[in-house]
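Take a look at the structure below.
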Amino acid sequence: MKIVVAVKQVPEREAVLRVTPDGRSIDESEVAWTMNEPDAYALEEALQLKQRAADAGLGEAEVVVLSVGPERVQSTLREALAKGADRALHVVTPAGGEGSLAERGSLDVARLLAEAVKGEQPELVLTGLQSDDLGAGQTGVVMAELLGVPHATLVLQVEFAGQGGDGRRIKVRRELEDGWTQFVEMPLPALLTIQSGGNRLRYATLMGIKRARQKEMRELSAAAPSQRVDQVVKVFPPLRVKQTEMLTGAAEEIAAKLVERLRFDVKVL
Amino acid sequence: MSADVLVVMETKGVGERRTGGGAAWHRVSMEALAAGQTLAAELGVACSAAVLGESAAIAPLAAELAAHRLETVWAVGDDLLAVYTADGWTAALEQLIAQAAPKFVVFPHTYQVRDYAPALATRLGEVLIGDVTAVQMAGEPREPLFVRQWMQGKLNAIYRHCKPGGFCLLSVQAGSFRADAVQVGQSQVQEFAPKLAAEMIRTAPSEPIREAAQTVDLSAAEVIVGVGRGIGEQENLKLVEDLAQALGAELAASRPICDAGWLPLERQVGSSGQTVAPKLYLAVGISGAIQHLVGMKGAKTVIAINKDADAPIFEVADIGVVGDLFEMVPALTRAIRG
Ligand SMILES: Cc1cc2nc3c(=O)[nH]c(=O)nc-3n(C[C@H](O)[C@H](O)[C@H](O)COP(=O)(O)OP(=O)(O)OC[C@H]3O[C@@H](n4cnc5c(N)ncnc54)[C@H](O)[C@@H]3O)c2cc1C
Ligand SMILES: Nc1ncnc2c1ncn2[C@@H]1O[C@H](COP(=O)(O)O)[C@@H](O)[C@H]1O
């Protein structure tokens, strides 16, 4: 059994974000990068599934991590290898200009991912639910459609559900709104988009980091970009609409002002 | 004449036991309808709306929808639509769009829409412009531009649809358009029977379930201290617990805190947690992602403590403190205790 996990490298949460002079993307020169959070959960689920497949006598499973982006994304792929993924695929795009991630739309990136997945023929593809940077929340579902496989989104847990008439099946628990959840069953191959919080994330061990250096990192070249159907016109920091009263001073002074407000305006003290 | 804006409405409780029978609109549906009507008015074109489900179940909803200012209400009925599946919805809407030939298709940005609309867009050779917070008219000839968030609300990005002759699909974020702006009127219900076959539906969903009843009811709390990832480590929670105690407040949290198991899930505020409306919501180390804001925007007063002056939480805060919570929180606790 083979599981492909799509992991995206995104700016760290605390990264200082500046817009490029053309006003259409983020200046990457001083950004620190990390693995997109839901993708870390997708990887965790894949690694646990690998263990469960072995326990259930379904044979040795392989976890392949996949990312589209410039050279920098290899640090995130290495991190995934250090946590236990078996090998990595890197679809290389230029760092800037034509064909770069910033210039490609989500359909185009999903196409690159789907092409790489087709070369692997996995039973299961996992993606994160949503990327922290663009927040499109659709690459996984688009890939499922391009690959012609069934999908489920907002998945918290995955289990094997035995054989059906159409081969091996899985049963997933997915999050619904307002605290509801639901089980969905489907045949493999399938694609799942993983929601954060379904598991505890593991850390890479020193041993894992050492081993990762020996693991395969294959570079694939990216197809030329296709015509975009949507375009980013302009990126800008949000204008503040609400009049927020900012309190300044030393902590003790601010605390005193807050207490006053809590007592006389908000009336909760 | 075919309409130029089509709004796909979402229902709750059709064909499920979850709400104990009565079908109703998903709250964001009416906001999407308002957005669709406004867009149509700006463009000087007609607006239609669609509802999907098992024919008998959706009939009353279609009739209710017909009391709005719309060109056509499409009642898309089939037994295979009795329960939501991505495959069923995608196939039915692909066929409806081929027939109704809208230029714009507006969805509410719900979990269900996230689940199928990207697949529908792909089938149409399009991309969903998702989670739109505002529509602006610009240019000559005038065209709509769509605002959506990047970087969890730290930036806004304006998108335009640029495929000539294509379909522009967009979903609107909860709370961004006003449901009370929906225009009433009179329109015709038109039944649409999609061609569906059981083999097209590859997934088998179960009935929705909900975990055991909650033991804390945050919705009734007058004062809430909400803690986010800025707290750093589980051991540090003591700081906000002390503050909550001094204030006589309930403790609540953002999702990552509950995901990590530092606080129970029932204390999570946001789109996948509780919705609260206290007199005071004191947000500590919470960035203010939209999924958190939708759960606490109803608070009468919001106070935010965050070390990042650009954190989106300050967009909804009445009073803001830019500073280190590890200094501010103990100082505030002491000041309250006197
Ligand atoms: C479908 C879906 C559903 C979701 N549902 C929910 C939900 O119900 N509820 C929810 O909360 N989220 C939900 N999320 C997640 C949401 O998108 C955000 O990821 C989450 O709210 C971020 O939590 P946070 O603000 O605690 O963490 P972060 O975004 O990491 O913010 C931490 C903040 O702490 C500040 N900080 C750090 N250190 C300090 C310090 N020493 N002093 C002061 N400030 C400091 C930082 O400046 C930052 O602003 C959902 C996401 C999705 C995709
Ligand atoms: N460039 C990329 N490389 C690898 N995976 C990606 C990339 N972009 C998106 N994804 C995957 O698609 C998911 C959803 O992304 P998005 O549609 O941008 O919100 C992410 O969580 C990743 O799993």
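Note that this is a predicted model, so its numbers are computed, not measured.
No side-chain donor-acceptor contact under 3.5 Å links B/Arg123 to the backbone of A/Glu145. Side-chain N or O atoms of A/Thr244 include one that pairs as donor or acceptor with a backbone N or O of B/Phe314 at under 3.5 Å. Using modelled atom types, no side-chain atom of A/Lys234 and backbone atom of B/Ile158 make a donor-acceptor pair closer than 3.5 Å. Formation of a donor-acceptor pair under 3.5 Å by the B/Arg255 side chain with backbone atoms of A/Ser196 is found in this model. When atom types are taken as modelled, the side chain of A/Gln138 and the backbone of B/Leu128 share a donor-acceptor pair closer than 3.5 angstrom. Although no hydrogens or angles enter the test, the distance criterion places no donor-acceptor pair under 3.5 Å between the side chain of A/Glu177 and the main chain of B/Thr110.
Taking chain B as the reference chain and counting heavy-atom pairs below 4.5 Å, the highest number among A/Val184, A/Thr193, A/Val233, A/Val229 is found for A/Val229. Counting heavy-atom pairs under 4.5 Å between each of B/Val147, B/Ile129, B/Asn156, B/Leu247 and chain A puts B/Asn156 at the top. Considering only heavy-atom pairs separated by less than 4.5 Å from chain A, the leading option among B/Arg334, B/Met328, B/Lys163, B/His161 is B/Met328. For chain B, the option among A/Arg200, A/Met186, A/Met143 with the highest count of heavy-atom pairs below 4.5 Å is A/Arg200. In terms of heavy-atom pairs under 4.5 angstrom with chain B, the leader among A/Arg24, A/Arg173, A/Lys171, A/Gln195 is A/Gln195. Chosen from B/Glu327, B/Lys154, B/Glu126, the residue pairing most often with chain A at heavy-atom distances under 4.5 Å is B/Lys154. If you tally non-hydrogen atom pairs under 4.5 Å between each of A/Arg263, A/Arg228, A/Arg174, A/Arg13 and chain B, the highest count goes to A/Arg13. Interface remark: of the candidates A/Asp132, A/Leu107, A/Leu258, A/Thr181, A/Thr181 forms the most heavy-atom pairs closer than 4.5 Å to chain B. For the options B/Val322, B/Val316, B/Asp324, B/Val302, heavy-atom pairs under 4.5 Å to chain A are most numerous at B/Val316. Annotation: maximal heavy-atom pairing with chain A below 4.5 Å, among B/Leu145, B/Thr122, B/Ile209, occurs at B/Ile209. When each of A/Gly105, A/Ala251, A/Ser106, A/Ala256 is checked for heavy-atom pairs under 4.5 Å with chain B, A/Ala251 comes out on top.
Of the two parts of A/Gln227, neither the backbone nor the side chain holds a non-hydrogen atom closer than 4.5 Å to a non-hydrogen atom of chain B. Contacts of B/Ala260 with chain A are made by backbone atoms alone, with heavy-atom separations under 4.5 Å and no side-chain atom involved. Within the 4.5 angstrom heavy-atom criterion, no atom of B/Ile201 approaches chain A. Of the atoms belonging to A/Leu269, it is side-chain heavy atoms, and not backbone ones, that fall under 4.5 Å from chain B. If you measure heavy-atom distances from A/Ala110 to chain B, you find no contacts under 4.5 Å at all. Looking at A/Val19, the atoms closer than 4.5 Å to chain B (heavy atoms on both sides) all sit in the side chain, from C-beta outward. For a residue to count as touching a neighbouring chain, one of its non-hydrogen atoms must lie under 4.5 Å from one of that chain's; by this rule A/Leu156 touches chain B with the side chain only. Interface remark: B/Ala309 contributes backbone atoms only to the contact with chain A (heavy atom separation under 4.5 Å). At a 4.5 Å heavy-atom cutoff, A/Ala190 makes no contact with chain B through either its backbone or its side chain. For A/Leu201, no part lies near chain B; criterion is any non-hydrogen pair under 4.5 Å.
In this structure, A/Glu185 CD and B/Ser206 OG are separated by 9.5 Å, a value rounded to the nearest 0.5 Å. Here CG of A/Leu134 is found 12.5 Å from CG of B/Asp131. Values are rounded to the nearest 0.5 Å. The structure places CG of A/Leu154 at 11.5 Å from CD of B/Gln112, a figure rounded to the nearest 0.5 Å. Expressed to the nearest 0.5 Å, how far OG1 of A/Thr153 lies from OH of B/Tyr111 amounts to 9.5 Å. Going from atom OG1 of B/Thr203 over to atom CZ of A/Arg169 covers 9.5 Å, rounded to the nearest 0.5 Å. Here the CZ atom belonging to B/Arg114 is positioned 4.5 Å from the CD atom belonging to A/Gln130, to the nearest 0.5 angstrom.
Side-chain contact between B/Val223 and A/Leu262 is absent, with no heavy atoms from C-beta onward closer than 4.5 Å. Taking the side chain as every heavy atom from C-beta outward, A/Val266 and B/Asp318 never approach each other to under 4.5 Å. Within the 4.5 Å cutoff, no side-chain heavy atoms of B/Leu155 are placed close to those of A/Phe236. Within the 4.5 Å cutoff, the side chain of B/Ile319 has no heavy atoms near those of the A/Lys257 side chain. With a 4.5 Å cut-off on side-chain heavy atoms, A/Gln231 and B/Arg160 count as touching. Using a 4.5 Å heavy-atom threshold, the side chains of A/Leu17 and B/Trp150 count as separate. With contacts defined as side-chain heavy-atom distances shorter than 4.5 Å, the pair A/Arg261/B/Thr301 does not qualify. Counting heavy atoms from C-beta outward, B/Asp115 and A/His151 have side chains that approach closer than 4.5 Å.
Within a 6.0 Å sphere centred on CD of A/Glu260, heavy atoms belonging to other residues, nucleotides or ligands number 12 at most. The 12-atom threshold is not exceeded at CZ of A/Arg18, counting heavy atoms of other residues, nucleotides or ligands nearer than 6.0 Å. Crowding of B/Lys300 atom NZ: a count of heavy atoms from other residues, nucleotides or ligands under 6.0 Å not exceeding 12.
Of the charged side-chain nitrogens involved, none lies within less than 4.0 Å of a carboxylate oxygen, so that A/Asp230 and B/Arg148 do not count as a salt-bridged pair. Salt bridge status for B/Lys307 with A/Glu14: present, with a side-chain N to carboxylate O gap under 4.0 Å.
Nearest heavy atoms, A/Pro238 versus B/Glu315: CG-OE2, 3.4 Å. Closest non-hydrogen pair, B/Ala335 versus A/Val259, comes out as CB-CG2, 3.6 Å.
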